[in-house]
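Every value quoted in this text rests on a predicted model; they were computed, and no experiment measured them. Atoms considered below: every heavy atom in the structure, side chains included; atoms not considered: hydrogens, waters and symmetry mates.
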Amino acid sequence: MNYENLFAQKIQEIKKANLFRTIPEITAGAEKYITIEGKKCLNLASNNYLGLSLNEKLKTESIKAINKYGCSSSASRIVTGNYSLYTILEEEIAKFKGYEKGLILGSGYVANLSIISAICDNKWIVFSDRLNHASIIDGIKLSGAKHVRYKHNDMDHLRYSLKKYDKDVKKLIVTDTVFSMDGDTANLIEIVKLAKDYQAIVMVDEAHATGIFGKGRGLVHELGMEKEIDINMGTFSKGLGSFGAYVCASKTIIEYLINKSRGFIFSTSLPPSVIGANLAAIELLKNNYSLGLKLINISEIVRKSLASLGFNTLNSSTQIIPVIIGDRKKLFMAKDFLIKKGVFAAAIRPPSVPINTERLRISLRADLTDDELNLIIQAFKELSQCL
Ligand SMILES: *Cc1c(COP(=O)(O)O)cnc(C)c1O
C-alpha cells in the first residue's frame, strides 16, 4: 500500500468536488482589519464579536496570571493542574450564567465531546438539531447513543421524533442557542415544553450567544430559562475574546462530569494566561453589557439593508448574517469582489452548509463605526448589481 498516493488521491477527490481547503494567508485573525492578497479589509469573518481579544484589561490580567502562575498548568486539574484562579472562574461563571455550579474545559470542541459522551451511552437517544455544531455531532458519535437529527428548528419534527420512543428511554435534546451558519436562534420555549412532555434532559451550546444576548449571559438568561435548561455550555473563544469553554449545571451534574468527562480528566488544564483573561472578560461584562446591545443594534441595521438589496439572509436574527449565493463559482466571485471593496466575509460551502445554500457569512462586531457600516452596505449594494 502506498499511503502517500492514497492521501494524494483523496485530496484530488476533494479538489474535484471544489471542496479543497487551505489556511488563508492573513495577518492576525482577531483584528478589525486584516490584509488579504495585499488589500486591507474589514474583518467580518472573526468571532471576536465584542473586540475583547485586544482589550487592555484582558491582556493585563492574562499577563498578571502568567507572572503569578507561569505559562502552563502542567497537569490535568484532578492531578496538580488546579490553581486558585480556576476555582474563582468557575464560581464566577456559574453566578454569571445563573447556575449552581460551573466547570471549565479545554475548548468548545473538547467540551461537547466530553460532556455528551459522559452523560450518554448506548442506552440513550440524543435528539439534535440538524444544524448543530460539528462538535455536538462528534460528541454524540463518541457517546454511542442513538442519534436522531431533527429538521432545523422544526418543533413538529422534534415532537414526532420524540413520540416514537418509549417514555422510559433516557433522552437528551441538544441544540445551539445561536446557530453558527444561519444566525438564527433555537426555539427554547418549545424545546423545554417537549422535553417535559417526553421526559428528556436539555443541553444547549451558547458559543455564539455568550457575551451578546441576555446581558452577555446568553439566550437562556434572556428568556429566564436557567431552571429549565439542565446543561448550559459555551465558550470563552468567541464573544469573550479569549479561549476555552465552560459548562454550567446543577452541583450533581458537575460532580458527575468531573468524574466522567474524559476531556477533563485526561487533558492538561488551560494555562493561567487564558484563565486570567477569561476572568477579566466575565468581570467586564458583569459591569457593562452595552457592547452586546450595540452589536444587536448594528446587526439589525445591516440585516435590513441587505434585505432591501434583495439578498436572502434566511432567518438570521443575530450578529451572524448569512448571505445566500447558492452557486460555488459565484460565491468565490462574490468573495473576491468584496475583498476588492475592502470587506472580508467568509465563503461557506458544503459540507459546512447544505448544497445550493453556498453563502457569504458575515460576523458583525460591536466596534464597527458608522463609516464602516456604510462601507459594508455600499459594498453589498455594488455586489448586488453585478451578481
Ligand atoms: C466554535 C464553536 C464550538 C467550538 O468551540 P472552540 O472553543 O472553538 O473549540 C462549539 N460549539 C459551537 C456552536 C461553536 O460555534
Side-chain angles (χ1 to χ4, degrees), residues 97-100 108 111-113 115-210 213-214 217-234 247-250 252-254 256-257 314-318 320 354:
K97 298 282 297 184
Y99 281 79
E100 212 174 7
N112 279 332
L113 258 66
I115 297 163
I116 299 171
S117 66
I119 297 279
C120 304
D121 60 24
N122 60 9
K123 304 257 178 0
W124 282 68
I125 306 172
V126 183
F127 299 84
S128 167
D129 189 292
R130 197 165 275 168
L131 292 193
N132 276 344
H133 191 260
S135 54
I136 292 178
I137 297 167
D138 293 358
I140 298 167
K141 275 192 197 154
L142 186 61
S143 75
K146 185 176 173 66
H147 187 178
V148 178
R149 297 177 87 180
Y150 59 90
K151 288 181 201 155
H152 176 52
N153 260 342
D154 186 334
M155 294 297 108
D156 289 336
H157 191 220
L158 174 57
R159 182 184 301 108
Y160 168 85
S161 307
L162 284 161
K163 225 185 234 168
K164 284 208 257 182
Y165 299 94
D166 198 285
K167 279 225 159 152
D168 294 332
V169 181
K170 294 189 273 285
K171 303 177 194 76
L172 167 71
I173 304 174
V174 60
T175 185
D176 289 5
T177 57
V178 169
F179 289 92
S180 56
M181 290 301 152
D182 283 22
D184 52 357
T185 59
N187 187 344
L188 294 182
I189 293 171
E190 195 56 32
I191 286 174
V192 161
K193 260 191 216 146
L194 290 173
K196 276 189 189 137
D197 288 351
Y198 295 94
Q199 297 178 21
I201 190 171
V202 181
M203 169 175 170
V204 298
D205 179 337
E206 299 245 55
H208 294 281
T210 306
F213 293 94
R217 291 149 204 251
L219 203 66
V220 171
H221 180 82
E222 183 159 311
L223 300 169
M225 295 180 78
E226 290 93 337
K227 294 272 176 301
E228 286 127 321
I229 305 284
D230 306 281
I231 302 167
N232 187 325
M233 73 76 67
V247 52
C248 292
S250 68
T252 310
I253 289 178
I254 296 297
Y256 177 76
L257 290 176
L314 301 179
N315 291 315
S316 164
S317 60
T318 67
I320 298 169

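Under the ring-ring contact (aromatic ring centres under 6.0 Å, His included) criterion, H221 pairs with no residue at all, not counting sequence neighbours. Partners of I137 under the side chain to side chain contact (heavy atoms under 4.5 Å, CB included) rule, at least two apart in sequence or in another chain, are K141, H147, R149. For S135, the side-chain hydrogen bond (donor to acceptor under 3.5 Å, both in side chains) criterion is met by N112, H133, not counting sequence neighbours. Looking at residues two or more places apart in sequence or on another chain, you find no side-chain hydrogen bond (donor to acceptor under 3.5 Å, both in side chains) involving K171. Scanning for side chain to side chain contact (heavy atoms under 4.5 Å, CB included) contacts around A145 gives C120, W124, V126, S143, with sequence neighbours left out.
The minimum heavy-atom distance linking V178 with A209 is given by the pair CG2-CB, 3.8 Å. Heavy atoms only, all atoms of each residue included: D230 and A249 are closest at O-CB, 3.4 Å. The two residues S161 and V148 come nearest to each other via the heavy atoms CB-CG1, 3.9 Å.
Between the side chain of K97 and the backbone N or O of R217 there is at least one donor-acceptor pair closer than 3.5 Å. A donor-acceptor pair is defined here as one N or O able to donate and one able to accept, closer than 3.5 Å; no such pair exists between the side chain of D182 and the backbone of D184. At distances below 3.5 Å, not a single donor-acceptor pair connects side-chain atoms of D176 with backbone N or O atoms of N132.
How far CG of D156 is from NZ of K151: 9.5 Å, rounded to the nearest 0.5 Å. Remark: I116 CD1 to D121 CG distance equals 13.5 Å, nearest 0.5 Å. Rounding to the nearest 0.5 Å gives a distance of 7.0 Å between OG1 of T252 and CD of E100. Here the CD1-CD1 distance, from I231 to I119, works out to 4.0 Å after rounding to the nearest 0.5 Å. Atom CG of L162 and atom CD1 of I173 lie 5.0 Å apart (nearest 0.5 Å). In this structure, the separation between OG1 on T185 and NE2 on H208 is 13.5 Å, given to the nearest 0.5 Å.
Between M225 and I189 the shortest side-chain heavy-atom distance falls below 4.5 Å. Side-chain contact check for F213 versus T177: every heavy-atom pair is 4.5 Å or farther apart. Residues T175 and Y150 have side chains in contact (heavy-atom distance under 4.5 Å, counting atoms from C-beta outward). Taking the side chain as every heavy atom from C-beta outward, L172 and M203 approach each other to under 4.5 Å. At a threshold of 4.5 Å between non-hydrogen side-chain atoms, the residues M155 and I191 count as touching. Side-chain contact between N232 and E206 is present, with at least one heavy-atom pair separated by less than 4.5 Å. The closest side-chain heavy-atom distance from D205 to V174 is not below 4.5 Å. Annotation: side chain of L223 is not in contact with side chain of E228 (no heavy-atom distance under 4.5 Å).
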Show your reasoning for whether side chain to side chain contact (heavy atoms under 4.5 Å, CB included) applies to N153 and F179. CA-CA 10 Å; N153 260 342; F179 289 92; 4.1 Å; yes
Kindly list each side-chain donor-acceptor pair under 3.5 angstrom involving residues 192-200, sequence neighbours excluded, with atom names and distances?
none

